[in-house]
Amino acid sequence: MNRWIHKLTGVLFLAFLFLCISAPKVAYASEVTHVTDDASIFTDTEKEDLEEQCNQFYESNNVNVVILTTNSIDVTRKEYMEAYYNSMDTVLSDAVILLINMDPNDRGVELQGYESCEYTLSDDRAEAVLDAIYPYLKDGAYFDSITEFLQEVDYYVNLEPTTTYQHTEQDNQDYNEDYYADSQSSDSETSFAAKSLRNLAIAVVMAVVIVFIMAYNSGGRMTANQSVYLDASHSRILGQYDHYIRTTTTRVPKPKPQNNSGGGFGGGGVSSGGHSHSGAGRSF
Amino acid sequence: MVIQYKCPDCGADMAFNAKSGTLSCESCGKTLPVIEYNEPTDETVEDFESFETQTSAGTFGEGEATQYQCNNCGAVLITDKDTTATTCSFCGAAMILGDRLSGQMAPAKVIPFSINKEDAVQAFRKWCKNGLLTPKGFATAERIKNVTGIYVPFWLYDLNGQGEAHADCTHVHTYEANDYIYTETKHYDVYRKVDLNYNKVPVDASEKMDDTLMDKLEPFHYDNLKDFNTPYLAGYLAEKYNYTDAELFPRVKDRINGYVGDYIRSTIHGYSSTFIRNEWTDVKQRNASYTLLPIWMICYDYKDSEHIFAMNGQTGKIVGKPPLSKGKIAAWIAGISGSVFLILEILTIISQGGLL
């Protein structure tokens, strides 16, 4: 019993130390430039507005949101963002970076989460965020896309990280009903534990059905069917026709191939500076 | 009116042998083909003749109190009103009650037993052992109480089935063009009219036998269907029918209506979906022949309760509800769900690219 108390005190002490060390770090963070609009897709007032929104976001969530826009970059979007974070890691700490690249050859959006945001904004969730803002980007409503983006990220950073949280599916469903009609993301959001639970349910139902059929057939099956007694030589089809009536055609747009330039499985990775991160990206 | 078959050599009682398909004498080993049995003893000549007279006179009345006497020992035969063949409970001689097999009650056809008692018991033991859900004690099949070979009365119906159906069918074709996926559905109006004949559909005509049990015993192979002759019954039990072919017709009609519907649906193919708009079927009886089919009834004691199994005396197919072991059921469910779960987990891990 004593040992546990010792351990607990130890952990608490470490947590306190960690807070002390990280506190000065976040003190700088308010000085971070949240919006760097190299591609000039925002007006000045929009830019100020966004900067203000990002500051508010930081105050309520302790997470730096960085919006980068570029006209052309020499490296991949993923590498560009990793380099950016490496240069700013001391001030950014827990951060979500969104890159909008307007280069006609590589027009796309990329999202990365660092430190705690690597888990609160896992690859799957990052995809879900992109799902939500994608229509705005496609329409060129860049300001609206960022507003939407902040709302989405605000929701996810306040959720438990996917690695330990098991009830995300329900949460997401509730959330999806409120925020977007596209429920596709809830499936990709299902945590491993929830999937295991689902697998177990499927397995048990299958086993019960199979064993029930075995038990049902244990007394012998009816094996005689109509072909056993049919006198084929004295049986005829007296009349038949297959009249063509009409053709109906429906069409749906082809699903867009998702451009996961975030790298690895689903966009996460480790930067050259040694910072592991989550991420997702696609072209628009 | 008791028919007994005496060995022309030694005078002992003869019985039908399932293996050889002949009448055989257990005392001296003489065998006589059923068809060529034309050396009856004096007694049986008399009996056969009276059999013939009864056919024409038709004096048999339902529930008539007839007393039968064993020709060997003179004992009074104890039978119930449906029995047509049995063995004398005192001396064990095979007896055939000729008057109960005459007139209206004369069977037209018979499929003789091809599996004898020893083989039946052996096959049943094997079947018990192969039971996946049966309790361990049952699987040893040590408690067979009795095994009885019975010729069960069936009506074999020859039927004509007619049917007509209108259906809405679709043929779906998808293709991709210009960033769109097109789904093209072709609609068809489909019609079929069929005239079908079904031969020798068996329906159990004995009230003692469980109908579903008897249905499951099918199919019987009709290449061994013989014209009825009393020697086939020697040594076995036999019953007479309780229901006429007209009384049982609704039962076979239901079944054949389903068959005609199945047949119509089997002629509509090549479509992505078929919806039967309306269907009409009708079944008419062409002929019904009163036939005795060979069935081994096996009575089995397990944990104070009796289980009854039936075996097709021609093909050896066994039906009947065996007791189920709760332990084995649980083990199977656990085993199957465990392995399915494991496979699904592995698939999930692969599709996710490893554990988080």
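Chain identifiers are assigned alphabetically (A, B, ...) following the order of the sequence lines, protein sequences preceding nucleic acid strands; residue numbering begins at 1 within each chain. Atom set for the values below is all heavy atoms of this structure, side chains included, hydrogens, waters and symmetry mates excluded.
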Have A:Tyr114 and A:Glu82 got a donor and an acceptor in their side chains that come within less than 3.5 Å?
-> no

Region of A:Ile210 that comes under 4.5 Å of a non-hydrogen atom in chain B = side chain

Ranked by heavy-atom pairs below 4.5 Å to chain B, first place among A:Thr248, A:Thr223, A:Thr249 goes to A:Thr248

Evaluate whether atom OH of B:Tyr182 has more than 12 neighbouring non-hydrogen atoms of other residues, nucleotides or ligands under 6.0 angstrom away.
-> yes

NE2 of B:His173: more than 12 outside heavy atoms within 6.0 angstrom?
-> yes

In terms of heavy-atom contacts, does CE of A:Met102 have more than 12 from other residues, nucleotides or ligands at under 6.0 Å?
-> yes

Identified side-chain contact (heavy atoms from CB on, under 4.5 Å) partner of B:Val340 from the options B:Ile336, B:Ile343, B:Leu342 = B:Ile336

Checking heavy-atom separations under 4.5 Å from chain A, one finds in residues 269-287 of chain B B:Tyr271

Can you say whether B:Lys186 sits under 4.5 Å from chain A via the side chain, the backbone, both, or neither, judging by heavy atoms?
-> both

Do you know which of B:Val194, B:Leu196, B:Asp195 has the most heavy-atom pairs with chain A at a distance under 4.5 angstrom?
-> B:Asp195

Is the number of heavy atoms from other residues, nucleotides or ligands under 6.0 Å of A:Tyr241 OH greater than 12?
-> yes

So is A:Arg125 actually on top of A:Tyr156's ring, under 6.0 Å and inside 45° of the axis?
-> no

Please check if the distance between the ring centroids of B:Tyr300 and B:Phe124 is under 6.0 Å.
-> yes

Against chain A, label B:Ile333 side chain, backbone, both or neither, depending on which of its atoms sit under 4.5 Å from a heavy atom there.
-> both

Give the member of A:Asn225, A:Val208, A:Val205 that has the highest number of heavy-atom pairs under 4.5 Å with chain B.
-> A:Asn225

When the 4.5 angstrom heavy-atom criterion is applied to A:Arg221 and chain B, the contacting part is backbone

Among residues 309-324 of chain B, residues within the sub-4.5 Å heavy-atom range of chain A, in order of number, are B:Lys317, B:Ile318, B:Val319, B:Gly320, B:Lys321, B:Pro322, B:Leu324

Could you have a look at B:Val190, B:Thr185, B:Asp168 and say which one has the most heavy-atom pairs with chain A under 4.5 angstrom?
-> B:Thr185

Mind ranking B:Asp262, B:Asp158, B:Asp215 by heavy-atom pairs under 4.5 Å with chain A and telling me who comes out on top?
-> B:Asp215

Any side-chain donor paired with an acceptor under 3.5 Å for B:Tyr198 and A:Gln226?
-> yes

State, with a plain yes or no, whether a side-chain heavy atom of B:Tyr180 is found less than 4.5 Å away from one of A:Thr250.
-> no

Interchain contact, A:Val228 with chain B, by part (heavy-atom threshold 4.5 Å) = side chain

Which answer fits B:Leu132, side chain, backbone, both or neither, if we ask what part of it has an atom under 4.5 Å from a heavy atom of chain A?
-> side chain

Smallest separation among heavy atoms of A:Ser218 and B:Trp127, with atom names = O-CZ2, 3.5 Å

